[in-house]
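Scope of the values below: all heavy atoms of this structure, side chains included, with no hydrogens, waters or symmetry mates.
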Amino acid sequence: MAEWVRICGVAEAPAAGKVMEAEVNGIQICLANLNGELAALDNLCPHRQGPLGQGWIEGEAVICPWHSWAFNLKTGLAEYPAHERVEVFPVKTEGEDVLVEIDG
Ligand code: FES
């Protein structure tokens, strides 16, 4: 069943245009701030498990730091190459906490 889990404090969340890595319940998450809105993706790139949270944002996509695959932060769909995707997790802030919804 899906549940909301604290991923970090609001103060620790990435600033606009930045990404970071985090872990909740053993799941590695790429937490990104796209124009002031937080997005949470599976941190592991489907190419060779590169850490998306160590990448950077271009347009609406996070770029994998290893070989530059690009994943849309809202949909998880790859802008390059086609037909790839990563999971997107719903994310919200509640008081001082940032929460993501994951399968418990
Ligand atoms: S591991 Fe991400 S592009 Fe290769």
Side-chain angles (χ1 to χ4, degrees):
M1 206 177 90
E3 58 178 339
W4 289 95
V5 182
R6 182 184 188 277
I7 185 167
C8 67
V10 169
E12 299 149 6
K18 302 287 186 192
V19 297
M20 65 177 250
E21 293 177 293
E23 190 176 322
V24 285
N25 290 12
I27 300 173
Q28 289 187 51
I29 303 281
C30 164
L31 187 63
N33 186 326
L34 182 63
N35 303 321
E37 211 168 301
L38 292 173
L41 270 55
D42 185 343
N43 190 49
L44 297 179
C45 178
H47 181 217
R48 299 270 170 84
Q49 279 69 57
L52 296 181
Q54 292 179 28
W56 60 92
I57 294 175
E58 279 183 25
E60 288 194 343
V62 59
I63 311 297
C64 179
W66 286 7
H67 317 96
S68 302
W69 283 18
F71 299 91
N72 186 285
L73 285 164
K74 294 178 177 171
T75 64
L77 291 172
E79 296 181 357
Y80 170 83
H83 311 305
E84 297 287 344
R85 71 183 305 157
V86 292
E87 187 170 357
V88 176
F89 302 93
V91 56
K92 67 179 179 181
T93 58
E94 217 172 69
E96 295 300 309
D97 298 325
V98 178
L99 310 172
V100 292
E101 190 176 34
I102 59 173
D103 286 327

Engineer: Taking a hydrophobic cluster as the set of Ile, Leu, Val, Met, Phe, Trp and Tyr residues connected by side-chain heavy atoms closer than 4.5 Å, whether directly or through intermediates, do V86 and I27 fall within one such cluster?
Structural biologist: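 In one cluster with V86: I27, no.
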Engineer: How close do L44 and Q49 get, counting heavy atoms only, and between which atoms?
Structural biologist: CD2-O, 3.9 Å
Engineer: Can you tell me if K92 has over 12 outside heavy atoms packed within less than 6.0 Å of its NZ?
Structural biologist: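 Yes, because the 6.0 Å sphere around NZ of K92 holds more than 12 heavy atoms from other groups.
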Engineer: Would a hydrophobic clustering, with Ile, Leu, Val, Met, Phe, Trp and Tyr connected at side-chain separations under 4.5 Å, put V10 with V100?
Structural biologist: yes
Engineer: Between R6 and V24, which heavy-atom pair has the shortest distance, and what is it?
Structural biologist: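 Minimum heavy-atom separation between R6 and V24: O-CG1, 3.3 Å.
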Engineer: Does the side chain of N33 come within less than 4.5 Å of K18's, by heavy atoms?
Structural biologist: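 No. Closest side-chain heavy atoms not under 4.5 Å.
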Engineer: Any non-hydrogen side-chain atom of V98 less than 4.5 Å from a side-chain atom of C8?
Structural biologist: yes
Engineer: Once rounded to the nearest 0.5 Å, what's the spacing between atom CG of N72 and atom CD of E60?
Structural biologist: 5.5 Å
Engineer: So with a 6.0 Å cut-off around CD of E37, is the heavy-atom count from everything else above 12?
Structural biologist: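 Not buried by this count: 12 neighbours or fewer within 6.0 Å.
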Engineer: I need the D42 CG to L52 CG distance, nearest 0.5 Å.
Structural biologist: 7.5 Å
Engineer: Do you know the tightest heavy-atom contact between A40 and L31?
Structural biologist: CB-CD1, 4.2 Å
Engineer: From L99 CG over to F89 CZ, what is the distance, rounded to the nearest 0.5 angstrom?
Structural biologist: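 One gets 14.5 Å once the value is rounded to the nearest 0.5 Å.
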Engineer: Please round to the nearest 0.5 Å and tell me the distance separating atom CG of L34 and atom CG of L73.
Structural biologist: 5.5 Å
Engineer: State the CD-CD distance between E21 and E23, to the nearest 0.5 angstrom.
Structural biologist: 10.0 Å
Engineer: Given the rule that I, L, V, M, F, W and Y join up when any side-chain heavy atoms are under 4.5 Å apart, are I63 and F71 in one cluster?
Structural biologist: no
Engineer: Quick check for you: to the nearest 0.5 Å, what is the distance between I7 atom CD1 and I29 atom CD1?
Structural biologist: 5.0 Å
Engineer: Does M20 share a hydrophobic cluster with I102, counting links as ILVMFWY side-chain heavy atoms below 4.5 Å and allowing steps through other members?
Structural biologist: yes
Engineer: Where do A16 and G36 come nearest, in terms of heavy atoms and distance?
Structural biologist: CB-N, 4.1 Å
Engineer: Give the minimum heavy-atom separation between C30 and V62, together with the two atoms involved.
Structural biologist: SG-CG2, 4.3 Å
Engineer: Any sub-3.5 Å donor-acceptor pair from N43's side-chain atoms to G53's backbone N or O?
Structural biologist: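 The answer is yes, because a donor-acceptor pair under 3.5 Å joins these two groups.
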Engineer: Sub-3.5 Å donor-acceptor pair from the side chain of E12 to the main-chain atoms of G9, do we have one?
Structural biologist: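 A pair under 3.5 Å: yes.
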Engineer: Which pairs with one or both residues in residues 4-55 pass ring pair (Phe, Tyr, Trp, His ring centres under 6.0 Å), sequence neighbours excluded?
Structural biologist: H47-H67, H47-W69
Engineer: Same cluster or not: are V88 and V91 linked, directly or through other Ile, Leu, Val, Met, Phe, Trp or Tyr residues, by side-chain heavy atoms under 4.5 angstrom apart?
Structural biologist: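 Cluster IDs for V88 and V91 differ.
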